[in-house]
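It should be emphasised that the depicted structure is a prediction, and the values quoted were computed from it without experimental measurement.
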Amino acid sequence: MNDQPDKISEINERNLRVLEAVLFASSEPLDVSSLLTYMGEGANIANLLVALQQRYAGRGVNLVQRGDKWAFRTAEDLSFLLRREEQKTRTLSRAALETLSIIAYHQPTTRAEIEEVRGIATGKGTIDLLMAAGWIRMRGRRRAPGRPVTYGTTDAFLDHFGLESLSDLPGLDELKGAGLLSNRLPSSMQIPLPFDGALRDDEGPLDPDDLDGEDKNA
Amino acid sequence: MNDQPDKISEINERNLRVLEAVLFASSEPLDVSSLLTYMGEGANIANLLVALQQRYAGRGVNLVQRGDKWAFRTAEDLSFLLRREEQKTRTLSRAALETLSIIAYHQPTTRAEIEEVRGIATGKGTIDLLMAAGWIRMRGRRRAPGRPVTYGTTDAFLDHFGLESLSDLPGLDELKGAGLLSNRLPSSMQIPLPFDGALRDDEGPLDPDDLDGEDKNA
Amino acid sequence: MTSAQTNWFDKPATPADDDILYVDVDGYEGPLDLLLDLARRQKVDLAVISVLALAKQYLLFIKKVREKRIELAADYLVMAAWLTYLKSRLIVPQAASDDEPPGEMLAAMLQFRLKRLEGMRVAVSQLMNRPRLGFQVYARGMPEPIEIAHISLWRASLYDLLKSYSIQREKGVTVDYAPLQRTVWSLQDASDILQRLIGDSFDWIPMDTYLIDYLVTPGERATIRASTFASSLELVRQGQIDIRQSKTFGPLFIRRHRSDPS
């Protein structure tokens, strides 16, 4: 190194240090004019910022420009470090359990039908929760006024509850035998045979829009 | 460069980036065990931290050790540039400051010992205030009549005052030399040094009730 | 707040004039603080300070304060008493038989305590003049917190599912449930009817024969038999009729009771 630029590089190095510290400590991205207040006379802030940016390129932290402001940010490829997934086992709420059981026995069924059996409105959150749990799916749309979405259970549902197929769901007599249903029930009461095959005659396919998992009629 | 160490240095470099990103992203010092969770198998974290510290030595931001934790902090020599005025509300009373320094230099110490040094009763409020600031903690209970609570400083104390460990306390050697860290007149007896390790021989654990942060003996 | 010798204590600087000292003790944090201030006025190293002179100054000071205001914290008076004792120990030569600690030792102890308090005060200044976090040294201004995505794993048993379904189906049924309207014969009705049917028949006739018209409806048999039987017992008690049964579960025969002993 020759003598002359030594002085300049010393000042430069000092300014880089200050820039580094100020940008590190700032609680928000800083623009050039506020950075300038920390620099010595005649500092070429644009050059300094580029130099600092290059110095941090490829490091775990990068100097990034946001609009006309500058800030340190975690390198994009390391952003996964700042996310963590926590699994928590939770017991299904009563409402969700009721809705799920009705869908299981009555499938393909619509939200209105579920509400009819439950005698109470079923929140969209309950359906969403069961969808997120992976236990129910939208099958199609009922060929009826309003074309409501029909719901059915998934393979994950069978898997979780240890069923080989839907026909393993106990019928009326078995439920009575297990003491789950009272024997005093009227003989007119029937339990439907759940159906999880392809679309039934009264079902149409889902709309293309339904693919994002939203029930537009909800 | 030969082939063999290339792979090692590549892994090292990646670990250094991860360490840099994680430490940069946090405003609080992080301990080695939580840093380890981000590293690959068999990473030598002690070496990595030293390497990172060297890389940032002389820069505007330094990697510093605070107790057994690590953090990025702006360089001390730039303090005159970055200096912010102290908030009036944060100014501690003389009683609080004296109590803090007595705890720092005499730890583990009891309230009675603090009062003995100051020659005046210390209000519970003063201790509470220092606890709330996060600078002191209850360590245990002295094995002595009344089982008084022993107090010591925290890592946040080290962090606030820019100390790597208690041995960095300013004037420690002079105070020790003059025998002023003792409860007694200086004698040939060993002069105790401030100690923030696990419980000492004359300390027992805190009672379960102490965990809510209350000093029942106060 | 910029000089290196920042006074971190909120106590105002002590006036140079000793005469002003007597005005108040409120500026001091206890007698030790006051003693330390007095000692500093000797303008010598604490190690070579004259404890005797210090004790005299303190006692004089307390005396002046008490002339102005009677009330004075007990701490100050305890210290005054102790210093009076110390003074006497320092002035009067130690007797050989004396068990009390020598005055020199008491003086050294006081000196030690003053030095120790002074030491802590210096330490406070040194600590507070360090580059402190948030004032001269800074942490990351824009920390990037770790985002924790909570994933729920739902749990339910097949039993819960089936129970839940069954409860709902049963609930749906009970909504339509209407209790059966049963014909119930009151005891009075049964008694009236039985009286009427028996009339004046003194022959043994099975009870069911009298009731044959009413027992056609199977749903009503139980209540009619029960009410009739109960009221027949009452009629027997009243001496209106007689009852006879030849064997267990055999037919019940009834007839009008003959009231006249013929």
Side-chain angles (χ1 to χ4, degrees), chain B residues 21-29 61-62 64 71-87 90-95 97-98 100-102 104-106 116-121 156 159-163 169-172 174-175 178-186, chain C residues 1-2 6-11 27-36 46-47 73-76 78-79 101 105-147:
Chain B
V22 171
L23 283 164
F24 226 87
S26 169
S27 60
E28 301 292 318
V61 173
N62 303 147
V64 297
F72 276 116
R73 296 288 180 250
T74 57
E76 287 196 2
D77 67 311
L78 297 178
S79 63
F80 66 97
L81 257 175
L82 304 177
R83 168 170 229 131
R84 269 174 224 165
E85 281 307 304
E86 190 152 5
Q87 300 274 313
R90 298 232 9 211
T91 317
L92 284 171
S93 74
R94 168 181 167 174
L97 286 173
E98 268 180 30
L100 176 64
S101 70
I102 293 166
Y105 286 81
H106 291 80
E116 157 75 16
V117 174
R118 297 192 65 224
I120 188 170
D159 196 22
H160 185 89
F161 292 101
L163 306 166
L169 281 170
L172 191 60
E174 295 90 311
L175 287 167
L180 295 178
L181 298 181
S182 167
N183 291 327
R184 266 169 276 263
L185 272 176
Chain C
M1 292 259 174
T2 47
T6 304
N7 178 16
W8 287 100
F9 303 128
D10 40 0
K11 181 176 75 170
Y28 293 98
E29 292 229 348
L32 206 59
D33 186 26
L34 168 56
L35 271 169
L36 187 56
L46 277 178
D75 285 349
Y76 288 92
V78 170
M79 180 60 88
M105 194 199 245
L106 295 176
M109 188 65 210
L110 178 62
Q111 226 166 16
F112 167 70
R113 291 190 65 193
L114 291 175
K115 273 160 68 186
R116 191 172 57 177
L117 183 57
E118 170 102 334
M120 284 301 106
R121 299 230 164 126
V122 172
V124 167
S125 281
Q126 287 176 335
L127 264 185
M128 297 309 280
N129 282 320
R130 287 188 60 81
R132 289 193 292 140
L133 187 67
F135 302 113
Q136 293 92 14
V137 165
Y138 294 92
R140 181 82 173 107
M142 276 177 284
E144 296 168 73
I146 291 175
E147 285 174 32

Report task. Sequence neighbours left out, what passes side chain to side chain contact (heavy atoms under 4.5 Å, CB included) with Q126(C)? Give chain and number order. Result -> P170(B), V122(C)
Query - Residue among G119(B), G171(B), A121(B), P29(B) with most heavy-atom pairs under 4.5 Å to chain C - result: G119(B)
Requested in this report: Please report the C-alpha distance between E116(B) and H106(B) in whole Å, then the side-chain angles of each, then the deciding distance to 0.1 Å, and finally whether the side chain to side chain contact (heavy atoms under 4.5 Å, CB included) criterion is met.
Outcome: CA-CA 12 Å; E116(B) 157 75 16; H106(B) 291 80; over 6 Å; no
**Report entry** Contacting region of F72(B) [heavy-atom separation from chain C under 4.5 Å]
**Finding:** backbone
Requested in this report: With a 4.5 angstrom heavy-atom cut-off, could you sort out which part of F80(B) is near chain C: side chain, backbone, both or neither?
Outcome: neither
Query raised in the report: Any idea which of M142(C), R140(C), M79(C) has the most non-hydrogen atom pairs under 4.5 angstrom with chain B?
Result: R140(C)
Query raised in the report: How about E118(C) and L114(C): do any of their side-chain heavy atoms sit closer than 4.5 Å?
Result: no
**Report entry** pair L127(C)-L169(B): side-chain heavy atoms closer than 4.5 Å
**Finding:** yes
Requested in this report: Let me know if L23(B) has heavy atoms under 4.5 Å from chain C in its side chain, its backbone, both or neither.
Outcome: neither
Query raised in the report: So which of T74(B), I120(B), I102(B), V61(B) has the biggest tally of heavy-atom pairs under 4.5 Å with chain C?
Result: T74(B)
Query raised in the report: Counting heavy-atom pairs under 4.5 Å to chain C, which of R118(B), E28(B), R73(B) comes out on top?
Result: R73(B)
Report task. Only counting residues at least two apart or in another chain, list the ones meeting side chain to side chain contact (heavy atoms under 4.5 Å, CB included) with E76(B). Result -> R130(C), P131(C), V137(C)
Query raised in the report: Picking from L81(B), L163(B), V22(B), L172(B), which has the most non-hydrogen pairs under 4.5 angstrom with chain C?
Result: L163(B)
